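Letters A, B, ... are given to chains in the order of the sequence lines, protein chains preceding strands, and every chain is numbered from 1. Just so we're clear, the structure is a prediction, and the values are computed from it rather than from any experiment.
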Amino acid sequence: MAKKDKSSDKLPSILPSGVKEQSFFEQVYEVARQIPKGRVTTYGEIAAYLGAKKSARMVGWAMNGAHVQEPSVPAQRVVNRNGMLSGKAHFATPTLMQELLEQEGIAVENDTVVDFKNKLWKPE
DNA sequence: GCATTGACGAAGG
DNA sequence: CCCTTCGCCAATG
């Protein structure tokens, strides 16, 4: 079976719910779900944890399908390296992300997490 | 099939 | 200190 399977090259990213996939995207979702309440993390930290810190953009891109994941991924706990809610515009409403964080005890001001450095959580 | 666009980040000018 | 460029990789036009 040394034959090269050309069909296995294809790696669908975001598939409809119900399909199990183990792609870079799913790994991002898994880590994001592990973020404790009242804490936040950055795209770069997740990417670095997965061994691709230069691919922080892909982490953000993966979040595009976060809301269709089951269970839903707390994307509001993921901010950029400055602690700024760079993804707030991608939520149902531009203020939803901030409200969700405040509901979990995270203060947000000027689209930025207050005392971000202290609330930063990093995956093991 | 190539060019543009990103929920980023680090480096360079 | 602010702005620009590069890298990364996938999706979209």
Given L85(A) and L101(A), is the side-chain contact (heavy atoms from CB on, under 4.5 Å) satisfied, shown in steps?
-> CA-CA 10 Å; L85(A) 283 60; L101(A) 290 171; 3.7 Å; yes
Give me the distance, rounded to whole Å, that separates [N] from [M] when you measure between the [atom1] atoms they each carry.
{"N": "dT5(C)", "M": "dT4(B)", "atom1": "P", "value": "14 Å"}
{"N": "dT4(C)", "M": "dT5(B)", "atom1": "P", "value": "15 Å"}
{"N": "dG1(B)", "M": "dC8(C)", "atom1": "P", "value": "23 Å"}

Is it true that a side-chain atom of T41(A) and a backbone atom of W121(A) form a donor plus acceptor pair closer than 3.5 Å?
->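 Answer holds: yes.
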Roughly how far, to the nearest 0.5 Å, is the CZ atom of F24(A) from the CD1 atom of I46(A)?
->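 Answer rounded to 0.5 Å: 9.0 Å.
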For A75(A) and M63(A), work out which heavy atoms get closest and say how close.
->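 Distance-wise, the nearest heavy atoms are CB-SD, 3.7 Å.
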For the residue pair N80(A) and M84(A), what are the closest heavy atoms and their distance?
->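 Nearest pair, atom of N80(A) first, then M84(A): OD1-N, 2.8 Å.
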Where protein sits on nucleotides 7-13 of chain B, one letter per nucleotide: B base, S sugar-phosphate only, - none, heavy atoms under 4.0 Å = BBSS---
